[in-house]
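In what follows, a single structure is set out as structure tokens and then discussed.
Note that this is a predicted model, so its numbers are computed, not measured. We name chains A, B, ... by the order of the sequence lines, and we start the count at 1 in each one.
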Amino acid sequence: MQAKGACPNQYTLSSVYKCCSFDSNLQFGKGVHAWMLRHGVDVDVVLGNSALDVYLKCNAFQYAERLFELMDERDVVSWNIMIGAYLRFGDVEKSLDMFRSLPCKDVVSWNTIVDGLMQCGYERRALEQLHCMVEYGTEFSDVTFSIALILASSLSVLELGRQLHGMVLKRGFGSDGFTRSSLVEMYCKCGRIDKASIILRDVPLDFRRKGNVGVTSKETKAGIVSWGSMVSGYVWNGKYEDGLKAFRLMVRELVVVDIRTVTTVISACANVGILDFGRHIHAYFQKIGHRVDAYVGSSLIDMYSKCGSLDGAWMIFRQINEPNVILWTSMISGCSLQGQGRQAISLFEEMLNQGIRPNEVTFLGVLNACSHAGLLDEGCKYFRMMKDAYCINPGVEHCTSMVDLYGRAGCLTETKNFIFENGLSHLTSVWKSFLSSCRLHKNVEMGKWVSDMLLQVAPSDPGSYVLLSNMCASNHSWDEAARVRSLMHQRGVKKQPGQSWIQLKDQIHTFVMGDRSHHQDKEIYSYLDTLIGRLKEIGYSPDAKLVMQDVEEEQGEVLISHHSEKLAVVFGIINTAHRLPIRIIKNLRICTDCHNFIKHVSQLLDREIIVRDIHRYHHFNHGSCSCEDYW
DNA sequence: ATAGGGTTAG
């Protein structure tokens with residue numbers, strides 16, 4: 001254009017700025033500005049604002065600041081841009097000062113300040129500003145509702161969410177797709193998935209399959225977001241089965257199931273441990289032609305390793321091959337989870353060689369790996385590396401892992417010192433881990449002391465009593481064990497009910513102890529009785545005394561034989577082909593008797609059985625378990 | 001000009 005000698009008008013220049021902003025092309029943006037000055041073009045407020053936008057998109061904060069100072073004329077847009085910029089670049093006070101001194105605040109000014117404060121982690125201050133906005137009399141826009149609903153969910157203030165919901169309806173935003181999706185998300189995050197699903201029911205059907213292939217209107221996108229939020233909502237609230245049901249409905253009804261929803265669902269599969277469904281989704285994902293990116297890849301790696309298929313995890317990891325921390329961390333944690341401690345460590349070293357900077361989660365994976373493999377020196381080395389070389393402050397989880405590491409290696413005095421030196425004596429998880437170590441290394445005296453500490457710190461945690469009772473039982477102090485149990489009853493501490501899950505075809509079957517509600521109930525119990533008889537012949541002896549689980553109240557041989565994981569295992573044996581591994585998920589720690597039972601089953605029936613309990617992963621084969629009887 | 005979903009750990 002310049003070569004032809006035509007003179008660009010302001011409209012053209014503004015468009016040029018838009019392009020620079022889109023491409024983050026700072027050089028070109030600066031060039032345009034210089035050209036305007038050289039040719040004496042009148043830089044009006046709109047062009048000035050466009051230039052501000054380009055500089056900020058390119059992270060050239062100083063340029064923007066200087067331009068703002070030099071502008072002859074500024075409007076509310078210029079101010080809003082700068083207020084937002086100061087928040088994003090971390091100068092919250094400066095931003096608030098500017099905001100307060102702004103005489104002509106519009107709705108965007110308010111939206112910017114509320115959202116910015118929230119993004120900076122000042123949620124309470126954001127809420128204050130929202131209240132000021134109401135007092136000031138500024139009408140909410142759709143954007144205000146989105147921001148405010150997110151604020152309500154991040155503060156987990158259902159009451160605020162409800163009020164906003166009322167305002168949304170009154171102001172006529174109830175049919176706006178994105179506002180509705182924010183409402184769905186707010187209710188999910190505040191734990192009211194019932195409310196969320198009612199709103200979802202009103203989501204119009206026009207984005208469904210009928211005659212609408214390939215169309216992605218704003219409403220379509222909003223509908224997908226709502227459904228995606230609903231699926232994630234189920235997942236966040238632990239309602240995995242409902243989440244998967246909603247996802248299936250989505251696959252059946254929708255034109256597109258997008259990559260973000262898929263990520264959430266894979267993560268749901270990982271958490272509930274249903275490998276088959278995860279595999280289906282993986283296949284479905286490839287069928288619709290999406291590339292597996294680092295997000296989906298990390299969740300797939302996590303899913304495969306948590307479902308006991310480390311091969312699957314490696315396949316994904318090699319296939320993606322990106323220097324992404326989370327991707328590597330997922331693989332390291334996966335190895336660690338499966339008891340492949342040394343493998344996890346060598347992967348970590350390779351990661352460092354490739355120049356990828358580990359984060360706090362990576363170190364947690366590595367420390368757990370060391371603990372699992374009993375590598376005390378390495379564990380200490382990495383703990384120091386984390387603090388000194390990477391300036392990461394050890395969190396509760398890292399410290400618990402170290403306590404586990406020392407304890408498992410039998411260094412009980414060091415464990416004790418570590419706890420006090422690092423100020424961890426208020427943490428339940430730390431004392432629990434320590435107590436397990438005392439039990440493992442049969443140090444009764446230390447165990448008693450630790451028990452006292454544990455009960456002081458966590459008098460209402462059922463797990464404390466269970467551990468304690470188990471320790472007494474393994475020392476044959478039956479009276480003591482009984483005393484612990486009655487203390488627990490006296491104090492009104494209730495144990496969480498134990499549950500086990502197994503997936504068959506596309507159905508998830510849930511079992512609780514003594515469950516009689518299953519339709520194959522008779523078959524399961526009679527097979528279980530026969531099986532126990534046969535197991536006794538090869539050396540299994542049910543030991544009720546060793547098994548006050550994290551779960552069941554009652555003791556006695558009959559009741560322990562009906563623990564949920566035994567029911568689930570038997571259900572698996574009855575209903576699946578002989579060659580296939582049986583995969584069980586359990587919501588608590590597996591008890592000693594069930595562990596023993598499953599070891600013998602794997603031997604008697606020559607069957608691979610994989611149990612994932614709350615703590616770790618048990619891979620039973622030929623009569624032994626991958627955890628080497630430590631969990 | 002302002003927002004609007006996702007990954008690892010626990």
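Listed nucleotides dA9(B), dA3(B), dT7(B) differ in distance to Ile150(A); the shortest reach to its side chain belongs to dA3(B). The Phe178(A) side chain lies nearest to dG4(B) when the options are dA9(B), dG4(B), dT7(B).
At a cut-off of 3.5 angstrom, the base of dG5(B) holds at least one donor-acceptor pair with the side chain of Thr261(A). Asp293(A) contributes a side-chain N or O that forms a donor-acceptor pair with the base of dG6(B) under 3.5 Å.
Under 4.0 angstrom from either OP1 or OP2 of dG10(B) there lies at least one side-chain N or O belonging to Asn368(A).
Checked by atom type and distance alone, the side chain of Thr400(A) pairs as donor or acceptor with a backbone atom of Val396(A) at under 3.5 Å.
Annotation: salt bridge (charged side-chain N to carboxylate O under 4.0 Å, His left out) contacts of Glu73(A) (sequence neighbours excluded): none.
Aromatic pair Phe99(A)/Trp79(A): centroids not less than 6.0 angstrom apart. Under the 6.0 Å cut-off for aromatic ring centres, Tyr136(A) and Trp110(A) qualify, their centroids lying closer than that.
Aromatic stacking of Tyr295(A) on dG6(B): satisfied, with centres closer than 5.5 Å and planes within an angle under 30 degrees.
Among the protein residues, Trp79(A) comes within range of no part of the nucleic acid, since none of its heavy atoms lies under 4.0 Å from any strand. Backbone-only engagement by Lys306(A) is indicated by non-hydrogen atom pairs under 4.0 Å involving sugar-phosphate atoms exclusively. Note on Glu185(A): only backbone sugar-phosphate atoms sit closer than 4.0 angstrom, heavy atoms only; bases stay farther off. Base engagement by Ser146(A) is indicated by at least one non-hydrogen atom pair under 4.0 Å involving a base atom. Ile332(A) comes within 4.0 angstrom of nothing in the nucleic acid, heavy atoms only.
A straight line from CZ of Arg88(A) to C1' of dA1(B) spans 10 Å, rounded to a whole angstrom.
Between the side chains of Asn368(A) and Ser371(A), no donor N or O sits under 3.5 Å from an acceptor N or O.
Annotation: proximity of residues 99-117 of chain A to DNA chain B (heavy atom, distance under 4.0 Å) is found for Asp106(A), Val108(A), Asn111(A), Thr112(A), Asp115(A), numbered in ascending order.
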